[in-house]
Participant: 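One structure coming up, written as structure tokens, with questions to follow.
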Amino acid sequence: MASWVLSECGVRPLPRIYLRPRTGFSSNTNTNFSKFRPLQVSKPHNLGSSLKVSSGLRDKKWSANVSVPLSGHTILNKEEINGFEEENGGGGEFDPGAPPPFKLSDIRAAIPKHCWVKNPWRSMSYVVRDVVVVLGLAAVAAYFNNWVVWPLYWFAQGTMFWALFVLGHDCGHGSFSNNPKLNSVVGHLLHSSILVPYHGWRISHRTHHQNHGHVENDESWHPLPEKIYKSLDNATRTLRFTLPFPMLAYPFYLWSRSPGKKGSHFHPDSDLFVPNERKDVLTSTACWTAMAVLLGYLSFQLGPLQMLKLYFIPYWIFVMWLDFVTYLHHHGHEDKLPWYRGKEWSYLRGGLTTLDRDYGWINNIHHDIGTHVIHHLFPQIPHYHLIEATEAAKPVLGKYYREPKKSAPLPFHLLGELTRSMKRDHYVSDSGDVVYYQTDSDQLNESKKLD
């Protein structure tokens, strides 16, 4: 029977996954169906009603529901887990572009049931924590107002803006709570405060998750085919591949997307959206505009220099965090990872090209967003369950899971991986259904001159 994915467009079958013979599970007719039991779904916490969220919002499920646990899946026992470990960690040279010997449902079955449960009170506690820290940092910096404090404030506050973004990101996926209205209200408040159009971003991010690892259809940091890469003018190529410019790309992406794609996250008629999403996009654009007006007013009241120090420099630190993290979740591994087209692409194979990263002390601050593989495959798992879910899934994933390098308190080691990737990961072939990044020798030589 086909595996299914639940998306905003409805229930649809997953793209076919091509399997090779495996020993972890058997498809013979002697299956012991006593092992099969439905997943017990916990009673959802209805925080939305207790917080009296406005009922004026349309009753719509505003979440990028890429995949969720469905009833009737298997619960893996110890022997089956060992079978996966043996198969995925066995001898022979590992080919990361080969179809995996397991299905999406096998990974789902290994994840404990409670990892799927969303607790809106717990989610809101993270919002309260982060907002209190943001306001406290601003108050301390404004009180001391000296050039010893300001640089420390900029880094800390920019990191906290990034943490706010991650919580709004959870709202967009529906992993914040089961209440779509609560998700929308909290998501708008968090994202508008850092100049992100909530629905516009949410919809494009849904596209990213549903097409991860696909050369043409992916939305975020996807590779450029050789033809498009070689058509770029020198200025665009420099901005895309020469640090620090790529780490400042996010606001420009919101306005005009990536090379080879057209549209804006602010315009309802953009190629990103379908007609029935028009009101959502307009709502988020209006919220973004209101925040921009508020910032202008505060600049007039407090002075542009004070607002630059209090808000706009931390904003650009947040942008750098966002580009830094999102890029390294899909690039920079010491082994080249595949990208797919055509029949070779599947939701599972695309998701397995993502990477987990360790950010040291920052892990807790930005809500464990570094546990990215399981998040990409099952984005409705709340962030506070991702570590446990990842540990449970590792025996099934085997070598398809790449253990992240342990970080020092601050993830300086990732700067080297970022720099190396920018120098070597330039384009992929215009043809072929399983492709890998190639290096432009001219661009590499230019980078060496700059060094």
Side-chain angles (χ1 to χ4, degrees), residues 22-25 35 37 39-42 66-70 73-90 94 96 100-119 122-123 126 166 169-170 173 175-176 209 212 325 328-330 333-335 337 347-409 411 413-414:
R22 58 195 177 86
T23 59
F25 276 91
K35 292 182 181 179
R37 60 180 184 270
L39 175 67
Q40 300 299 317
V41 180
S42 301
V66 180
S67 58
V68 297
L70 303 178
H73 66 271
T74 56
I75 304 300
L76 301 183
N77 59 34
K78 185 175 181 180
E79 289 73 22
E80 291 165 330
I81 289 289
N82 290 338
F84 275 119
E85 287 180 319
E86 202 174 295
E87 185 176 0
N88 295 333
F94 174 66
F102 48 81
K103 297 181 294 183
L104 190 69
S105 58
D106 297 327
I107 307 171
R108 182 189 296 120
I111 298 173
K113 293 181 290 185
H114 65 266
C115 289
W116 304 91
V117 178
K118 309 162 196 175
N119 184 336
R122 185 171 181 179
S123 297
Y126 289 108
V166 174
H169 154 273
D170 288 357
H173 279 301
S175 61
F176 188 86
H209 269 260
H212 48 209
V325 170
L328 286 175
H329 282 161
H330 300 275
H333 194 265
E334 57 190 11
D335 300 322
L337 300 179
Y347 179 81
L348 174 60
R349 292 177 76 180
L352 293 176
T353 65
T354 60
L355 297 166
D356 279 10
R357 297 291 189 180
D358 182 13
Y359 298 93
W361 287 346
I362 309 298
N363 286 331
N364 180 264
I365 295 173
H366 70 185
H367 309 293
D368 294 313
I369 195 65
T371 48
H372 206 65
V373 177
I374 290 301
H375 165 68
H376 245 271
L377 293 173
F378 306 106
Q380 282 200 323
I381 294 180
H383 75 264
Y384 41 84
H385 291 316
L386 283 173
I387 293 177
E388 181 180 1
T390 298
E391 290 299 320
K394 283 181 185 179
V396 178
L397 297 172
K399 289 186 178 180
Y400 286 88
Y401 179 80
R402 299 155 189 95
E403 196 75 39
K405 293 180 180 177
K406 191 69 177 174
S407 176
H413 71 291
L414 293 177

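Sequence positions, counted from 1, serve as the residue numbers for this chain.
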Participant: Rounded to the nearest 0.5 Å, how far does CG of Leu386 lie from CD1 of Ile369?
Facilitator: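 Result: 7.5 Å between the selected atoms.
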Participant: For His367 and Tyr384, I'd like to know if the aromatic rings sit close, meaning centre-to-centre distance below 6.0 Å.
Facilitator: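 No, too far apart.
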Participant: Could you tell me which residues satisfy salt bridge (Lys or Arg N to Asp or Glu O under 4.0 Å) with Glu403, sequence neighbours excluded, listed by chain and number?
Facilitator: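 In terms of salt bridge (Lys or Arg N to Asp or Glu O under 4.0 Å), with neighbours along the sequence ignored, Glu403 is linked to Lys394.
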Participant: Could you tell me if the side chain of Tyr126 sits less than 4.5 Å from the side chain of Val166, heavy atoms only?
Facilitator: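 Side-chain contact under 4.5 Å: no.
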Participant: When rounded to the nearest 0.5 angstrom, what distance separates NE2 in His383 from CZ in Arg122?
Facilitator: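 Rounded to the nearest 0.5 Å, the NE2-CZ separation comes out at 7.0 Å.
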Participant: Determine whether Tyr359 and Ser407 make a side-chain contact, defined as any pair of heavy atoms from C-beta on separated by less than 4.5 Å.
Facilitator: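 Result no, sub-4.5 Å side-chain heavy-atom pair not found.
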Participant: Report the residues that fulfil ring-ring contact (aromatic ring centres under 6.0 Å, His included) with His385, sequence neighbours left out, ordered by chain and then residue number.
Facilitator: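 With neighbours one apart ignored, the set is His114.
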Participant: Quick one: list whatever passes side-chain contact (heavy atoms from CB on, under 4.5 Å) with Leu355, sequence neighbours left out.
Facilitator: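 Leu355: side-chain contact (heavy atoms from CB on, under 4.5 Å) contacts with His333, Leu337, Arg357, Arg402.
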Participant: If every non-hydrogen atom of Lys405 is compared with every non-hydrogen atom of His413, which pair is closest and at what distance?
Facilitator: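 Looking at all heavy atoms of both residues, the closest pair is O-NE2, 3.8 Å.
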Participant: With sequence neighbours excluded, what pairs up with Asn364 under the side-chain hydrogen bond (donor to acceptor under 3.5 Å, both in side chains) test?
Facilitator: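 Counting only residues at least two positions away or on another chain, Asn364 forms a side-chain hydrogen bond (donor to acceptor under 3.5 Å, both in side chains) with Arg129.
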Participant: List the residues meeting salt bridge (Lys or Arg N to Asp or Glu O under 4.0 Å) with Glu388, not counting sequence neighbours, and say none if there are none.
Facilitator: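 None.
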Participant: Shortest non-hydrogen contact from Ala392 to Ala110?
Facilitator: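 Smallest heavy-atom distance, with atoms named: CB-O, 3.3 Å.
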Participant: If the condition is ring-ring contact (aromatic ring centres under 6.0 Å, His included), which residues does His372 pass it with, not counting sequence neighbours?
Facilitator: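 Here the qualifying residues are His329, His330, His375, His376.
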Participant: Using the test ring-ring contact (aromatic ring centres under 6.0 Å, His included), find all partners of Tyr401 that sit at least two apart in sequence or belong to another chain.
Facilitator: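 Residues passing ring-ring contact (aromatic ring centres under 6.0 Å, His included) with Tyr401: none at all.
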Participant: Once rounded to the nearest 0.5 Å, what's the spacing between atom CG of Asp106 and atom CG of Leu104?
Facilitator: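 Asp106 CG to Leu104 CG: 8.5 Å, rounded to 0.5 Å.
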Participant: Under the salt bridge (Lys or Arg N to Asp or Glu O under 4.0 Å) definition, can you give me all pairs with a residue in residues 372-384, not counting sequence neighbours?
Facilitator: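 Counting only pairs at least two positions apart or across chains, no salt bridge (Lys or Arg N to Asp or Glu O under 4.0 Å) contact touches residues 372-384.
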Participant: According to salt bridge (Lys or Arg N to Asp or Glu O under 4.0 Å), does anything in residues 359-371 pair up with another residue at least two apart or in another chain? List the pairs.
Facilitator: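 Listed once each, the pairs would be none.
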Participant: Measuring only between side-chain heavy atoms, which start at C-beta, is Pro100 closer than 4.5 Å to Leu348?
Facilitator: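 SC-SC contact between Pro100 and Leu348 confirmed.
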Participant: Which pair of heavy atoms, one from Leu377 and one from Gly351, lies closest together, and at what distance?
Facilitator: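 So the minimum-distance heavy-atom pair works out to CD2-CA, 3.9 Å.
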Participant: Please tell me if the side chains of Leu397 and Thr390 come closer than 4.5 Å, counting only heavy atoms from C-beta onward.
Facilitator: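 A side-chain contact is absent here, since even the closest heavy-atom pair is not under 4.5 Å.
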Participant: Test your reading of the model: is there a side-chain donor-acceptor pair from Ser175 to the backbone of Asp170, 3.5 Å cut-off?
Facilitator: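 Yes.
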Participant: To the nearest 0.5 Å, what is the distance between CD1 on Ile381 and OG1 on Thr371?
Facilitator: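 Spacing of CD1 (Ile381) from OG1 (Thr371) equals 9.5 Å.
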Participant: Does the plane of the ring in His209 sit parallel, tilted or perpendicular to the ring in His212? Use 30° and 60° as the thresholds.
Facilitator: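 The rings of His209 and His212 sit tilted, inter-plane angle from 30° to 60°.
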